[in-house]
Amino acid sequence: MPELPEVEITRRHLEPVVRGARVGEVAVRRARALRLQPHPGDFAVRLQGRRVLALTRQGKYLLGDLGDGLTWVTHLGMSGRMSLAGREEPEAPHTAVVVSLEAGPQVRFVDPRTFGHTAVLTADELAAAGPARLGPDALDALPRSPVLVARLAGRRAPIKPLLLDQRLLAGLGNIYADEVLHRARVRPDRPAGSLNREEVAALRRAVRPVLEASLRRGGTSLADLAYLLPDGRAGGYLERLAVYGRAGEPCRRCGGAVERMVLRGRSAYFCSGCQR
DNA sequence: ACCTCCCTGGCC
DNA sequence: GGCCAGGGAGGT
């Protein structure tokens, strides 16, 4: 799934290509991909002919600055990817939006399960959209541990679903939440408020190494290959995952069997031998 | 703070 | 044929 590392890798690949480039033809293949655009017709009109001044990331959102207060916002959902392709290359199935760059390749938004979306928003529209509700970025603005202790104090909800709450920390999804908890030796079902200061500090300390290790390998492409780099290659972090998707296999740290439980309807993988 | 729903491909 | 994967919006 595209989580913070996959979105950041996508950004790093796209940024040198789109920055300063003028947008040519914009083709919408699947209207649903624009469902967060207040008036879907605005999308192509606002994008065409403009230059992308910068491409940034907040949590799992890609943000293209178009100037004049307009922002090209894209969320890859659970199966979305951005592909860079020449206009003569055939379009992959489930191509939702094709943005041609003048004197450059096409940027194609491909999304089989259609949970992703893209839009060009004014500052006011952006202030009411998803990115405005994000907490601090898990990579660029990770809060100090006392701040996290305060945010978790008294909360009885299990810690794992809280790590997925983008208002607490922006960028972690189901894979990296499990990986971070494993590295920090904290069980996913521990009531958040029961974590002591040392455990919260360990959790905080685990975030960056996990995300950066994934970044170095191009992110996690699962067996379905829904997530791919913009050049079509698969990310290689799958084989380095410590627990996610590894139920029954040996824990890389203690050798015990990785277990699976369901929290809030989502799988959580952990090792009861080394997570407390 | 919780639940439901959206959607498709892959697998049993 | 039915279930599972899952991020986030929207509703209660």
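These figures come from a predicted structure and were not determined experimentally. Each chain gets a letter, A, B and so on, in the order its sequence line appears, and its residues count up from 1. Side chains included, hydrogens not; waters and symmetry mates left out as well; all remaining heavy atoms used.
- Ranking B/dC2, C/dG7, C/dA5 by closeness to the A/R264 side chain, first place goes to B/dC2.
- Using a 4.0 Å heavy-atom cutoff across all strands shown, A/R155 reaches sugar-phosphate atoms only and no base atom.
- Using a cutoff of 4.0 Å between basic side-chain nitrogens and carboxylate oxygens, A/R183 and A/E179 are not scored as salt-bridged.
- With no hydrogens or angles considered, no side-chain donor-acceptor pair links A/R204 and A/S145 at under 3.5 Å.
- Using a cut-off of 4.0 Å between Lys/Arg side-chain N and Asp/Glu carboxylate O, A/E89 and A/R108 are scored as not salt-bridged.
- Here A/S267 lies in heavy-atom contact (under 4.0 Å) with sugar-phosphate atoms only.
- One interatomic measurement links the two molecules: CZ of A/F115 to P of B/dG9, which rounds to 13 Å at whole-angstrom precision.
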Anything under 3.5 Å between a protein N or O and an N or O of nucleotides 8-12 of chain C, put it in a table, one pair a line.
{"unit_1": "C/dG8", "atom_1": "OP1", "unit_2": "A/H75", "atom_2": "NE2", "d": "2.6"}
{"unit_1": "C/dA9", "atom_1": "OP1", "unit_2": "A/Y61", "atom_2": "OH", "d": "3.0"}
{"unit_1": "C/dA9", "atom_1": "OP2", "unit_2": "A/R133", "atom_2": "NH2", "d": "3.4"}

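- The aromatic rings of A/H117 and A/H75 sit parallel to each other, their planes meeting at less than 30°, with 60° as the upper class boundary.
- With sequence neighbours excluded, the residues satisfying side chain to side chain contact (heavy atoms under 4.5 Å, CB included) with A/L168 are A/R151, A/L152, A/L162.
- Separating the CG atom of A/L76 from the C1' atom of B/dC7 is a distance of 16 Å, rounded to the nearest angstrom.
- Counting only heavy atoms from C-beta outward, the side chains of A/R252 and A/H182 never approach each other to under 4.5 Å.
- Taking 4.5 Å as the limit, every side-chain heavy atom of A/T10 sits out of range of all side-chain heavy atoms of A/T74.
- Separating the NE2 atom of A/H94 from the P atom of B/dG9 is a distance of 4 Å, rounded to the nearest angstrom.
- Among the nucleotides B/dC2, B/dT8, C/dG7, the one closest to the side chain of A/T114 is B/dT8.
- Nearer the 5' end of DNA chain B, as judged by each residue's closest nucleotide, is the contact made by A/R167, out of A/R32 and A/R167.
- With the end axes of the helix from B/dA1-C/dT12 to B/dC12-C/dG1 each set by five pairs, the angle from one to the other reads 50° at 10° resolution.
- Counting to the nearest Å, the P atom of B/dC7 and the CZ atom of A/R113 are 14 Å from each other.
- A salt bridge is absent between A/R46 and A/D68; no separation between the charged side-chain nitrogens and carboxylate oxygens falls under 4.0 Å.
- Between the CG atom of A/L263 and the C1' atom of B/dC2 there is a distance of 14 Å, rounded to whole Å.
- Salt bridge present: A/R217 and A/E239 bring a charged side-chain N and a carboxylate O closer than 4.0 Å.
- Atom CZ in A/R81 sits roughly 19 Å away from atom C1' in C/dG7 (whole-Å rounding).
- Atom CZ in A/R35 sits about 11 Å away from atom C1' in B/dC5, given to the nearest Å.
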